[in-house]
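This structure is a prediction, so every number in the text was calculated from the model and none was measured.
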Amino acid sequence: MSSHHSPIVLSSEITPRSMFEGRRAFLRDAGFALALAGVGGAALRPGDAHAKAFEGARKSPFSVNEPATPFKDVTTYNNFYEFGTGKDDPAERAHTLKPRPWTLSVEGECAKPKRWDLDELLKLAAVEERIYRMRCVEGWSMVIPWNGYPLAELLKRAEPNARAKYVEFTTLADPAQMPGIRTAVLDWPYVEGLRIDEAMHPLTLLTLGLYGDLLPNQNGAPVRVVVPWKYGFKSAKSIVRIRFTEQEPRTAWNKAIPREYGFYSNVNPAVDHPRWSQARERRIGEFGKRATLPFNGYGEQVAGLYTGMDLRKFF
Amino acid sequence: MDFIKVAVFAACLLPTARLVWRFATDGLGANPIEYITRATGWWTLAFLAITLAVTPARRWLAMPWLLRLRRMLGLFAFFHACQHFTTYIWLDQFFDWPGVLADIAKRPFVTVGFAAFVLLVPLAVTSTNAMVRRLGARRWQQLHRLVYGIGVLGVVHFWWLVKKDVTEPLIFAVVIGMLLASRLLPHRSVPPQRQASVGSAAD
């Protein structure tokens, strides 16, 4: 790659082969001189046996130029309570989710509500590769090459009316497919929401894949949103309904513990979670902690959405 | 009896052996530091519960020989607490002392966890026979009742750190709560023959 101004970088170039396939940086950095270099085994990679769904997707200028978290970690360390509250539960149990056939209903305050079939969504707009930072409210982070297109592409086709102030996302809640639903750890179905200008922002991605292939079940198959400047739980997975509303949606974590999880939940190192600090984060695969950036490093693009707002109050 | 002690000692090392094995075979998952912190904390609570179970088991299950294992079990609780604390100071915070102090001061779950660890230290230090003699049995026993409070602090520490699913802290709360409550039940603290003579005197 000759031009270093170009934001177009292949994910395979960003992740060094040694890191992608080999042992964790943790083991090296920890300084344990164990001669175990060959033991880790190759990371799972999608698409070795079949053609990837989004091979050659256009590289987005919104991508960050940071090493992507290995596929194996992205797909085995997940919060997806519909499959259990353990980090490894989704990878172990999400095989019961049936991502096809799938219908996503767009409804509410709009002129053209519509039930979208997954195949229609896959063809709706050009799918891009977007390498985004993902910061979990728990204090860890990843860098993930997603595949999708701006959520606005879908939303504008519904022609939202003047009363559409917010957008509400509802995740599937089927106990037959999702064993975690039998436990009332959250008030199912999982509901998330954005203000309409946040939902229409070009960074907000309607996401259909990662690492160039269709979304694995544990990552929110077959369709989810990714809102990179907010804590991970704001990015609803396995969405069955998108609704335009006049009132601020009652979101799952906000309902569960309102003083800990606000509606906005923008990544903000200056506003701690009531029980732990948000100033730093552990990037998965790294040993030390790094500073958390305001708006997860996307302030240049999104800070303008919140001018005049007290982000301590609207946390 | 010595065979039992050796066998229990070996069994108590299994949680640590499991961590070492997983470390060596890349089995600690995507976030190894979190995994080690969780595991060592969980086993600290488990060993506190096991240690607290010795006295009720001795009383109600007629297993007086269990008393011989109590010190070792208690020291293993301390051993796992040390691993937990070291993981936090070294791997998690990497000796960021201002950060550690801020955590202890500002984060209630860290405050109670740290308090529990600090309170364990005098119990470990006074666990030898020589220290029992120096303190005298009565004062030694009074000091070691601190373990009741440590058990409670440990459960609170776990409860306050989970995001939403309190299933595991709840199980520890019930188990440790029952073990503490069992100490309030009446039991034969006076020798049987004296009780009998008191009874006959009242006739």
Side-chain angles (χ1 to χ4, degrees), chain A residues 22-27 29-30 32 34-41 43 69-70 72-79 81 84-89 91 136-140 142 180 183-186 233 252-253 256-257 260-261 272-277 279-280 282-289, chain B residues 16 19-39 41-42 83 86-114 156-171:
Chain A
R23 300 184 54 75
R24 304 233 147 68
F26 163 72
L27 299 175
D29 296 356
F32 293 94
L34 296 171
L36 292 162
V39 179
T69 305
K72 186 184 179 205
D73 291 342
V74 173
T75 54
T76 56
Y77 190 76
N78 305 99
N79 279 324
Y81 279 17
T85 57
K87 292 282 186 301
D88 44 5
D89 286 340
C136 178
V137 74
E138 295 166 350
W140 52 269
M142 294 183 179
T183 315
V185 60
L186 290 169
F233 69 89
W253 278 102
I257 318 176
E260 296 188 352
Y261 307 100
D272 284 343
H273 186 281
R275 290 183 287 154
W276 55 81
S277 168
R280 294 188 304 153
R282 172 162 290 116
R283 177 70 53 86
I284 295 301
E286 291 180 356
F287 179 65
K289 289 189 175 178
Chain B
T16 308
L19 279 183
V20 171
W21 171 253
R22 283 187 167 247
F23 172 78
T25 57
D26 206 12
L28 294 173
N31 197 344
I33 296 171
E34 181 198 47
Y35 190 99
I36 297 168
T37 309
R38 286 274 177 156
W42 195 94
Q83 291 181 29
T86 308
T87 305
Y88 166 69
I89 297 285
W90 176 32
L91 300 180
D92 190 63
Q93 298 291 317
F94 208 74
F95 310 109
D96 170 19
W97 298 109
V100 169
L101 290 176
D103 253 6
I104 293 172
K106 281 170 71 181
R107 316 284 161 213
F109 87 93
V110 183
T111 314
V112 295
F114 181 71
V156 171
H157 172 63
F158 195 7
W159 195 292
W160 282 352
L161 78 87
V162 299
K163 210 157 98 188
K164 187 73 191 2
D165 184 4
V166 292
T167 312
E168 286 200 52
L170 181 66
I171 292 168

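Shortest non-hydrogen contact noted between Ala30(B) and Ile284(A) is O-CG2, 3.3 Å. The two atoms that bring Lys163(B) and Asn79(A) nearest to each other are NZ-ND2, 3.8 Å, heavy atoms only.
Put simply, OH on Tyr261(A) and NZ on Lys164(B) are 10.0 Å apart, with the number rounded to the nearest 0.5 Å. In this structure, the separation between CZ on Phe287(A) and CG on Leu91(B) is 5.0 Å, given to the nearest 0.5 Å.
Asp88(A) does not touch chain B: none of its heavy atoms, backbone or side chain, sits under 4.5 Å away. With a 4.5 angstrom heavy-atom cutoff, Val166(B) does not touch chain A via any of its atoms. Of the two parts of Val74(A), neither the backbone nor the side chain holds a non-hydrogen atom closer than 4.5 Å to a non-hydrogen atom of chain B. With a threshold of 4.5 angstrom between heavy atoms, Trp140(A) approaches chain B through side-chain atoms but not through N, CA, C or O.
With sequence neighbours excluded, no residue satisfies side-chain hydrogen bond (donor to acceptor under 3.5 Å, both in side chains) with Asp89(A).
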Hey, can you pull the donor-acceptor pairs under 3.5 Å for the side chains in residues 92-100 of chain B, sequence neighbours left out?
from	atom 1	to	atom 2	distance (Å)
Asp92(B)	OD1	Arg282(A)	NH1	3.2
Asp96(B)	OD1	Gly99(B)	N	3.2

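Side chain of Arg275(A) to backbone of Trp160(B): a donor-acceptor contact under 3.5 angstrom is found.
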